[in-house]
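Below: the structure, in structure tokens.
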Amino acid sequence: MDLSFSAEDLAFRGEVQAFITDNLPAEIRRRVQKGEHLSKEDQVAWQLILNQRGWAAPGWPKKYGGTGWTVTQRYIFDEETAGVCPPLTPFGLSMVGPVIYTFGNPEQKAHYLPRILKAQDWWCQGYSEPGSGSDLASLKTKAVADGDHYIVDGHKIWTTQAHEADMIFCLVRTDASVKQQEGISFLLIDMKTPGITVRPIITIDEGHSINEVFLDNVRVPKKNLIGQEGKGWTYAKFLLGHERTGIAQVAHSKKRLARLKAIARAELVEGGPLIADTTFRDKLAQVEIELMALEYTNLRILSESAKGKPPGPEASILKIRGSEIGQRLTEMAVESLGYYAAPYEGGRDGSNQPIGPDYAAGLMPAFLYGRAFTIYGGSNEIQRNVIAKMVLGL
Amino acid sequence: MDLSFSAEDLAFRGEVQAFITDNLPAEIRRRVQKGEHLSKEDQVAWQLILNQRGWAAPGWPKKYGGTGWTVTQRYIFDEETAGVCPPLTPFGLSMVGPVIYTFGNPEQKAHYLPRILKAQDWWCQGYSEPGSGSDLASLKTKAVADGDHYIVDGHKIWTTQAHEADMIFCLVRTDASVKQQEGISFLLIDMKTPGITVRPIITIDEGHSINEVFLDNVRVPKKNLIGQEGKGWTYAKFLLGHERTGIAQVAHSKKRLARLKAIARAELVEGGPLIADTTFRDKLAQVEIELMALEYTNLRILSESAKGKPPGPEASILKIRGSEIGQRLTEMAVESLGYYAAPYEGGRDGSNQPIGPDYAAGLMPAFLYGRAFTIYGGSNEIQRNVIAKMVLGL
Amino acid sequence: MDFSLSDEQRQLQDSVGRFVRDRYPFEQWRKITDTPEGFAGENWRQMAELGWLGVSLPEEAGGLGGSPVDTMVILEGLGRGLVAEPYLSTVVLGGGFLVLGGTPEMRERELPKLAAGDLKLAFAHAETQSRFSLEDVVTSAKAAGGGYVLNGRKIVVYDAPAADKLIVSARTGGAGREREGISLFLIDRDAPGVHLRAYRTLDRRRAADVTLEKVAVDAGALIGVRDQALPLIEQVVDHAIAALAAESVGAMQLLTETTTEYLKTRKQFGQPIGNFQALQHRMVDILIATEQARSMSYMVTMKLDRPARERSRAAAAAKVQIGQSGRFVGQQAIQLHGGMGMSDELNVGHFAKRLMMIDMLYGNADHHRQRFIALE
Amino acid sequence: MDFSLSDEQRQLQDSVGRFVRDRYPFEQWRKITDTPEGFAGENWRQMAELGWLGVSLPEEAGGLGGSPVDTMVILEGLGRGLVAEPYLSTVVLGGGFLVLGGTPEMRERELPKLAAGDLKLAFAHAETQSRFSLEDVVTSAKAAGGGYVLNGRKIVVYDAPAADKLIVSARTGGAGREREGISLFLIDRDAPGVHLRAYRTLDRRRAADVTLEKVAVDAGALIGVRDQALPLIEQVVDHAIAALAAESVGAMQLLTETTTEYLKTRKQFGQPIGNFQALQHRMVDILIATEQARSMSYMVTMKLDRPARERSRAAAAAKVQIGQSGRFVGQQAIQLHGGMGMSDELNVGHFAKRLMMIDMLYGNADHHRQRFIALE
């Protein structure tokens with residue numbers, strides 16, 4: 001057992017820091033640090049900068065354009081970039097990318113993977129449906145073979161960034177006659193295909209990042225099928241289980257905590273700084289300690305996976321605690337503002353200056369949107385079911 | 001709406017206070033206030049004093065020897081006696097008594113009710129069995145008719161005061177051929193009947209108040225059957241629903257809170273009184289506020305029942321919050337002692353002087369035994385099931 | 001001891017219920033709160049006609065001379081509809097200050113207008129440095145020429161944009177957080193030197209930061225006793241807390257019903273999600289939180305007439321409970337609605353936001369727990 | 001960065017596991033803790049033979065020169081059995097003080113005995129007024145004739161009744177809660193003027209209040225630097241906290257397994273109660289609490305060698321976590337066992353009690369949260 005980083009790891013950290021210092025555009029850095037809205041353009045710009053260095057896909061194998069980093073290096077990279085650089089949108093890089101290089105055919109790999117790296121294709125995820133939330137396997141969107149095409153009809157919902165996406169990866173039902181999970185296939189669909197309609201869903205933060213996607217008689221070439229027909233559930237589960245290193249959101253929560261402390265030093269209560277208020281300080285320390293416990297749980301699981309053990313269902317612990325702590329921090333940030341938590345205009349795009357102090361920017365939207373932490377990607381209730389069954393055997 | 005007490009109520013409060021001052025033996029009062037163990041003799045002594053005044057059974061109708069008090073008067077009586085006078089043992093006065101005067105025949109009423117009031121019969125409750133805890137209706141103790149007797153065989157558990165009891169009221173299965181609930185009868189059994197064995201269960205506080213009761217070929221006269229054969233479940237439910245006024249334990253929790261504050265004024269932390277420690281004071285205020293909310297919820301339900309509306313399943317809220325708050329207070333009391341929470345000898349009988357300060361007496365046993373608050377009388381999980389089904393319709 | 005409503009109060013309750021059903025279905029609320037004013041003038045007039053604006057005013061001022069329970073009944077009903085008209089600001093706060101501290105002339109002049117719906121008020125008190133401390137006032141009022149000149153800045157003044165007059169606190173003496181030296185003034189919203197920066201709030205109300213630059217008022221603008229306004233402010237804010245408690249109970253009750261209904265109808269895994277025990281128990285905790293808040297709403301309402309210390313301690317305790325219950329109920333209602341709960345199109349998020357703002361208004365749970373302790 | 005055990009540590013882990021399985025089945029624990037001593041001398045000798053008593057001692061003193069991770073492995077294993085021998089007092093605390101602060105003569109004389117099982121120690125520090133503040137020492141040590149004379153009273157000294165020697169803190173200077181002026185002395189338990197009031201504790205260990213009446217020691221009894229013992233005390237207590245963390249993880253792990261097993265076997269309503277979702281989710285929360293405690297146990301163990309501030313902040317954070325996790329796991333294990341959980345005959349309540357005492361020892365969660373804040 002050893003907590004220290006090797007000399008190589010420390011050198012790597014320096015390399016990452018230097019790269020960020022030299023290459024992250026100042027305006028983007030400012031916007032990230034202020035918690036302002038980041039446009040697709042900002043994200044693309046940063047991804048392209050990273051990609052030039054070969055760092056756009058830390059998790060991919062080197063031969064597909066990934067980094068080949070160790071788990072520790074990836075951890076360091078997350079630590080250094082969180083809250084400073086724009087987050088990389090996961091749908092292409094962390095989700096469909098690994099599915100394609102693991103289960104796709106050579107043509108699919110050759111076509112899609114470079115386009116993902118270069119942000120030529122912006123992806124979104126077509127999983128949830130109005131009737132299939134927690135019970136994903138009950139999905140109804142159907143794909144009927146028609147020559148060398150599928151005809152897809154259905155209705156997807158909670159589709160993040162669908163309105164900005166070039167491509168959607170979809171779970172569709174290709175066979176209604178077999179057991180639910182066995183009739184599902186994994187299909188890549190061009191968002192410009194006729195028959196696709198995107199309808200915005202405005203979320204409680206008044207922002208627009210989520211959509212409904214209606215598929216009406218959409219013709220999808222069969223070459224867009226990943227792997228085998230009827231095996232889509234396997235690929236979907238692979239995908240859910242794959243990207244676990246970031247699930248705990250430790251680096252982000254640490255940045256949120258630091259920002260919260262800075263605010264609490266500036267806000268006043270009874271003539272003194274809020275951070276000196278015992279009740280507030282106590283709550284802050286409590287969440288800081290919980291975050292520390294989560295961080296070391298995350299490191300333990302990373303350390304296992306560095307030795308080749310894939311993250312198992314106990315990674316659901318990371319999702320549960322990560323989301324709970326994230327919500328707590330966003331809530332405390334809002335609380336710290338006192339009356340200036342109230343003014344609210346314009347939602348997440350942050351185009352309006354805050355009425356209150358500058359540091360209030362983006363805090364309430366982050367809190368509101370953060371209510372979804374415990375809902376999306378398998379609600380925390382579902383995660384507890386998973387642990388009860390898979391880890392405890394109940 | 002009006003929170004104030006009428007002049008009659010205030011006069012009544014004075015009357016109760018005066019009665020206690022004049023009649024409660026000093027040594028018993030001292031033991032109650034110190035949290036020391038109360039023997040059966042103490043409880044009997046106080047019950048006989050109350051009974052001379054006609055106050056032993058506040059909840060009974062006047063014609064059976066009760067008080068005929070209003071709900072408000074009973075509330076006042078609880079407030080004045082809690083934490084000062086020995087609590088009256090509920091099995092006769094609050095549990096089987098009401099069943100007997102409601103469902104018993106004239107002979108049963110004439111025989112048992114006066115004996116309960118005079119503490120000539122000390123009762124215990126034969127409900128739970130090793131295989132039937134939350135699922136009470138699955139009980140297996142069977143009573144087979146044999147002429148004018150039943151032959152009872154079975155095994156009861158968690159039987160409080162069985163080792164001191166003269167009588168036990170039992171749920172027994174008289175018919176195994178019908179639906180679970182319909183085959184249960186309500187039987188009164190003399191504890192001296194041959195075939196009854198009582199085995200102590202020492203609880204985690206190291207005290208003895210709970211027992212197993214083995215019934216082996218026990219002959220019980222049929223005249224000891226309450227009401228009709230097979231209707232025992234109805235009587236049992238009546239009993240559970242009947243005595244709800246005390247379920248919130250508000251008066252007791254208020255006394256515990258006052259005692260805790262007194263301790264926290266005496267204990268030191270960083271050179272000052274513990275009660276001035278912000279973190280501790282905050283926790284104390286939080287539970288005090290929760291107790292206040294519970295108190296007014298209790299008053300609301302009492303106010304309803306004063307108008308003749310029987311307490312419904314929402315009274316389960318009182319059980320849930322009452323037990324949670326009671327546990328919190330006993331835990332904080334133990335925590336307030338610091339290192340002197342550790343010495344533990346002799347359990348609940350309190351015969352040993354505490355190693356630490358005098359006020360430490362009885363606190364740890366109360367905490368430990370209090371873990372049962374959320375288990376007995378229908379665990380809090382069962383109470384939540386009840387509310388979900390009966391109140392929310394889920 | 002009695003927790004039941006009188007026949008008149010029950011009629012009032014029915015009347016408020018009808019008003020909310022007729023005028024405040026959710027889509028209507030959205031339209032109303034999307035207007036520049038953020039509320040509907042005709043609703044306000046209707047409230048005046050129904051006598052609600054004068055419910056707590058003395059009869060000689062055109063009011064009904066009602067009790068705090070009447071106000072509670074109205075606010076609890078309005079809470080179910082997220083009713084946006086400035087009732088709290090005008091009637092509970094504004095009316096409270098005028099009734100308890102207004103000069104005879106002021107009362108005679110203003111109260112009938114208030115009852116008739118012709119006078120809207122807003123209470124401008126909090127400042128950038130004050131957070132929730134009522135005694136922390138920096139805005140100054142200097143005696144000048146028989147009147148006063150006010151300078152300072154008030155923040156997040158709910159309902160200021162639509163108000164005809166503002167009730168403004170300012171220091172005529174003392175400094176910092178001294179209890180002495182605070183005075184209250186009734187000022188025209190349009191008086192020279194009064195500048196508003198208006199904005200929408202999270203709960204889609206309207207508020208403003210108010211800057212006072214050499215605002216001159218005459219001596220008759222003083223409410224209450226010069227330098228001694230703090231006890232009056234505390235009293236009226238306690239009334240506002242009781243009103244917020246009632247409003248929050250209405251909102252929580254609505255969320256409890258809505259969420260229970262959702263659990264019964266939403267199906268997953270081939271059955272209503274309300275069949276799942278973990279969700280059932282969560283729903284029970286929502287119910288309990290709502291009922292505890294209701295008990296505290298009743299309690300504080302009935303203690304508004306008690307001596308200051310007892311009244312304030314009751315208000316502090318109630319505010320802690322409704323703040324905590326409201327946050328829990330709001331957040332869990334969103335959680336149990338899953339993705340739907342995240343949608344701005346559903347009412348659930350908006351109720352949760354209002355409950356969150358209620359926790360903050362006049363001090364959040366942490367603040368009032370400390371106040372509760374200080375008042376022991 | 002690596003969280004895995006070395007091969008040697010894994011062997012040690014197996015060895016401790018065997019010891020606990022062989023010597024500490026629950027009924028055996030009950031018998032052992034019912035003896036007057038409260039532990040078994042033969043177990044202690046066995047521990048010595050296995051090298052555990054010297055695991056953290058330098059090799060020249062007959063020890064194994066092991067790391068904090070070795071101690072962690074032992075304590076986590078012992079925690080699963082509620083092992084009652086005075087390992088923490090003698091090895092972690094006593095050994096820690098002697099290694100880090102003992103004079104060369106003292107080390108040479110005492111450490112081999114300690115490793116051989118021939119010296120048991122207890123740390124007498126807390127006093128009636130001190131609560132959990134390590135710097136709050138009133139017991140005095142006055143210089144006299146080249147040595148010192150001690151007067152005072154120490155409370156709840158775990159393992160004092162069986163100890164051969166006590167390590168006692170006393171003021172040689174300063175007063176109250178001053179950081180300077182505290183010194184440490186190694187004193188024979190049977191020295192004239194040392195009076196023990198021995199008793200059993202909630203977790204069935206043995207402890208005593210120790211009164212010191214004109215206890216004379218010579219200058220060679222001083223551990224560490226005169227007046228400067230506090231940093232040493234803080235360091236060794238941090239080691240004890242790490243050991244308690246490991247022990248608590250063993251106890252929580254046992255409760256997690258036991259309770260999961262109970263949920264699978266106990267039937268109600270015609271099925272294992274582990275089928276009920278509300279209990280499943282509670283059980284998941286127990287698992288999470290245990291895993292979070294384990295992470296903090298690893299973390300603090302690996303930070304024991306860091307600079308004082310970092311080490312102490314890690315210890316404070318870990319103590320908060322294990323205190324809270326331990327209470328939750330213990331209480332919920334009782335709850336999920338229903339009536340059975342209330343029985344003294346079952347192991348569950350005893351594990352819960354030990355976890356409760358672990359929360360209290362060297363400061364409960366509230367105390368260490370404040371310490372964590374002060375060390376930021």
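The figures here come from the full heavy-atom set of this structure, side chains too, leaving out hydrogens, waters and symmetry mates. Letters A, B, ... mirror the listed sequences (proteins, then strands); counts begin at 1. Note that the structure is predicted; figures quoted are calculated from it, not measured.
Put simply, of B/Ala341, B/Ser379, B/Gly131, the one with the most heavy-atom pairs under 4.5 Å next to chain D is B/Gly131. Heavy-atom pairs under 4.5 Å with chain B peak, among D/Gly349, D/Ala207, D/Gly338, at D/Gly338. Considering only heavy-atom pairs separated by less than 4.5 Å from chain B, the leading option among D/Thr128, D/Asp203, D/Asp209 is D/Asp209. With chain D as partner, the option from B/Asp277, B/Ile201, B/Ile355, B/Ile202 having the largest number of non-hydrogen pairs under 4.5 angstrom is B/Ile355. For the set D/Glu345, D/Met357, D/Lys353, D/His367, the entry with the most heavy-atom pairs within less than 4.5 Å of chain B is D/Lys353. Ranked by heavy-atom pairs shorter than 4.5 Å toward chain D, the options B/Ser138, B/Ala137, B/Gly356, B/Ser134 are led by B/Ser134.
Between the CD atom of B/Gln327 and the CD atom of D/Gln331 there is a distance of 7.0 Å, given to the nearest 0.5 Å. Atom CE of residue B/Met364 and atom CG of residue D/Leu202 lie 4.5 Å apart, to the nearest 0.5 angstrom. Interatomic distance, CG of D/Asp344 versus OG1 of B/Thr203, reported as 7.5 Å (0.5 Å rounding).
D/Phe132 has its ring centre less than 6.0 Å from the ring centre of B/Tyr339.
If you measure heavy-atom distances from D/Arg266 to chain B, the contacts under 4.5 Å come from the side chain alone. At a 4.5 Å heavy-atom cutoff, the contact between D/Met356 and chain B is made by side-chain atoms alone. Proximity to chain D is limited to the backbone of B/Pro130, based on heavy atoms less than 4.5 angstrom apart. Neither the backbone nor the side chain of B/Ser128 has a heavy atom closer than 4.5 Å to any heavy atom of chain D. Within the 4.5 angstrom heavy-atom criterion, no atom of D/Phe276 approaches chain B. For B/Glu270, the parts lying near chain D are the backbone and the side chain together; criterion is any non-hydrogen pair under 4.5 Å. Only the side chain of D/Leu279 comes within contact range of chain B, with at least one heavy atom under 4.5 Å from a heavy atom of that chain. Using a 4.5 Å cut-off between heavy atoms, D/Lys267 touches chain B through its backbone atoms (N, CA, C, O) alone. Contact of B/Phe373 with chain D is not made at all, since no heavy-atom distance falls under 4.5 Å. In this structure, the portion of B/Glu331 lying under 4.5 Å from any heavy atom of chain D is its side chain and not its backbone. Only the backbone of B/Leu337 comes within less than 4.5 Å of a heavy atom in chain D; its side chain stays farther off. Looking at D/Met342, the atoms closer than 4.5 Å to chain B (heavy atoms on both sides) sit in the backbone and in the side chain alike.
The two residues B/Asp135 and D/Phe269 come nearest to each other via the heavy atoms OD2-N, 2.8 Å. Looking at every heavy atom in both residues, B/Ile204 comes nearest to D/Gly341 through CG2-O, 3.7 Å. Contact between B/Arg371 and D/Ile334 at its shortest, heavy atoms only, is CB-CG2, 4.3 Å. Taking every heavy atom of both residues into account, B/Tyr340 and D/Arg153 meet most closely at OH-NH2, 3.1 Å. Nearest heavy-atom pair across D/Met360 and B/Ala342 is CE-CB, 4.1 Å.
D/Gln129 places no side-chain N or O within donor-acceptor distance of the main-chain N or O of B/Leu268, the cut-off being under 3.5 Å. Within the 3.5 Å criterion, the main-chain N or O of B/Gly133 finds a donor-acceptor partner in the side chain of D/Gln268. Panel note: side chain D/Arg131, backbone B/Ser336; a donor-acceptor pair is recorded below 3.5 Å.
Proximity of D/Met340 to B/Trp158: side-chain heavy atoms (C-beta onward) are separated by under 4.5 Å at one or more points.
Of all residues spanning residues 279-287 of chain B, those with a heavy atom less than 4.5 Å away from chain D's heavy atoms are B/Thr279, B/Lys283, arranged by number.
Applying the side-chain contact (heavy atoms from CB on, under 4.5 Å) test to D/Ala278 and every residue at least two apart in sequence or in another chain returns C/Gln277, C/His281.
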